[in-house]
Amino acid sequence: MLLVVLLAFGLRTSWFQTWAAQQAASYLSGELGTEISIDKVDIIFFDRVELKGIYVEDTHQDTLLYTESILAEIDDWSISESFVDVHKVDLNHGVIHIRKYDGDSTLNFQHLVDYFASEEPDTTKSDFGVTVQNVWLENINFVYHDENAEPIENGMDYSHIDLKNMTARFSDFGLEGDSIRVNIDQVQFKDRSGLILSKFGAEVLYCPEVISMKDLKIALNNSWLYADVFELQTPNGPSDFRDFVHKVRFNAALKN
C-alpha cells in the first residue's frame with residue numbers, strides 16, 4: 001500500500017514526470033542515433049501538459065526542432081470510450097529547420113518517419129479518436145532549405161524559405177475520408193526575400209480535386225486581397241500541380 005501511495009504521489013510531481021520523459025527521450029536518441037532532449041515536464045490534473053526545452057536533431061547533427069515550450073490543454077478524455085479532445089496546443093518561441101541536404105532526395109525528418117512506420121501493413125481498425133480544436137504558434141522561425149536547388153536572386157524563393165517571427169492560429173480541424181478542413185484564423189511572418197505577410201485568414205478545405213479557401217483575407221507589404229471564395233481546382237488530382245500553368249484552374253470571387 002505504501003508503494004502504491006508513493007508511486008501515485010511520484011506520478012503527480014514534476015520531478016518524476018520530467019525524469020520519465022527524459023528516459024524516453026534518451027531511449028529514442030539511442031534508437032535513432034540523433035539527440036532528443038526535454039528539459040522539464042509538468043502534468044497538471046491530467047488536463048494540462050507542458051513540455052519545456054524540447055530539442056530534436058537531424059541525422060546531420062543539426063537542429064530539426066527546438067522550442068521553449070509546448071503546452072497542451074485537454075478538454076476531455078476517456079480510455080474506456082477511446083477518445084481525447086484537445087482544446088489547444090500552443091508552441092512557443094522555437095525554430096523549425098526542414099532541409100533537403102545536397103544529394104538527398106528526402107527531407108531531414110525522414111529518419112523519424114521510417115522509425116515510427118510499421119514494417120507490416122496495419123490490418124487492425126482503431127476506434128480511438130483524437131480531436132484538436134486549436135493550434136497556436138508563437139514567435140516561430142521556420143526554415144526550409146533545399147541544397148539541391150539553386151537560389152534565385154529576386155522574389156519569393158520556395159526552395160529557400162526563411163520565415164521570421166511567425167505567429168499562427170488554426171482552429172476547427174476536421175478529417176473526413178481524403179478531405180481536410182481547418183480554419184486559419186491568423187498567420188503573420190516576414191520572409192528572407194522581404195515579403196511581409198501581416199494577415200492571412202480563411203476557411204480551408206483540401207481534397208485531391210480542389211483546395212478551397214472561403215472568406216479569404218490576405219495582407220502583404222502594400223496589398224490587400226479579399227475573396228468570398230478562392231479555389232485551386234485539380235480535376236486529375238495532386239499530379240496537376242506538376243504542370244501548374246496548364247492544368248490547375250482558378251475559381252475566385254474577389255472583392256476590392
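The closest donor-acceptor contact from the side chain of Gln22 to the backbone of Ile38 lies under 3.5 Å. Checked by atom type and distance alone, the side chain of Asn108 never pairs as donor or acceptor with a backbone atom of Ile98 at under 3.5 Å. In this structure a side-chain-to-backbone donor-acceptor pair under 3.5 Å is present from Asp157 to Ile152. Proximity of a side-chain donor or acceptor of Thr67 to a complementary backbone N or O of Asn92 within less than 3.5 Å is detected. Without hydrogens or angle criteria, Asn251 side chain to Gln233 main chain gives no donor-acceptor distance under 3.5 Å. The backbone N or O of Ile184 sits nowhere less than 3.5 Å from a side-chain atom of Ser171 that would complete a donor-acceptor pair. In this structure, Asp191 contributes its side chain and Gly194 its backbone to no donor-acceptor pair below 3.5 Å. For Ser212 (side chain) and Glu231 (main-chain N/O), no donor-acceptor pair under 3.5 Å exists by modelled atom type. Here the side chain of Ser29 pairs a donor or acceptor atom with the backbone of Ala25 at under 3.5 angstrom. A distance-only check finds a donor-acceptor pair linking the side chain of Glu57 to the backbone of Glu35 [under 3.5 Å].
Between Pro208 and Thr234 the shortest heavy-atom distance is O-OG1, 2.7 Å.
Note: Phe173 and Phe170 have tilted aromatic rings, judged against thresholds of 30 and 60 degrees for the angle between ring planes.
A single hydrophobic cluster is seen to contain both Leu163 and Leu107, as judged by linkage of ILVMFWY side chains at heavy-atom distances under 4.5 Å, directly or through other members. Hydrophobic clustering places Tyr27 together with Ile54 (ILVMFWY residues linked when any side-chain heavy atoms are closer than 4.5 Å, directly or through intermediates).
Counting heavy atoms of neighbouring residues, nucleotides and ligands inside a 6.0 Å radius, atom CZ of Arg181 does not exceed 12 of them. The environment of Glu153 atom CD is sparse: at most 12 non-hydrogen atoms of other residues, nucleotides or ligands sit within 6.0 angstrom. Atom OH of Tyr158 has 12 or fewer heavy atoms from other residues, nucleotides or ligands within 6.0 Å. At most 12 heavy atoms of other shown residues, nucleotides or ligands fall within 6.0 angstrom of atom CD in Glu150. Counting non-hydrogen atoms of other residues, nucleotides and ligands closer than 6.0 Å to NZ of Lys247 gives a total of 12 or fewer. The environment of NZ in Lys100 is crowded: more than 12 heavy-atom neighbours from other residues, nucleotides or ligands sit within 6.0 Å. Enclosure of atom CZ in Phe241 by more than 12 non-hydrogen atoms of other residues, nucleotides or ligands within 6.0 angstrom is indicated. Within a 6.0 Å sphere centred on NZ of Lys88, other residues, nucleotides and ligands contribute more than 12 heavy atoms.
Of the inter-residue distances, the one linking Ile43 atom CD1 with Glu50 atom CD reads 11.5 Å to the nearest 0.5 angstrom.
For Phe189 and Phe142, the gap between ring centers reaches or exceeds 6.0 Å.
Residues in residues 85-107 take part in these ring pair (Phe, Tyr, Trp, His ring centres under 6.0 Å) pairs, two or more places apart or across chains: His60-Tyr101.
In this structure, Asp240 does not pair ionically with Arg242, as no charged nitrogen and carboxylate oxygen lie closer than 4.0 Å.
Tyr66 is linked by a ring pair (Phe, Tyr, Trp, His ring centres under 6.0 Å) to nothing, counting only residues two or more places apart in sequence or in another chain.
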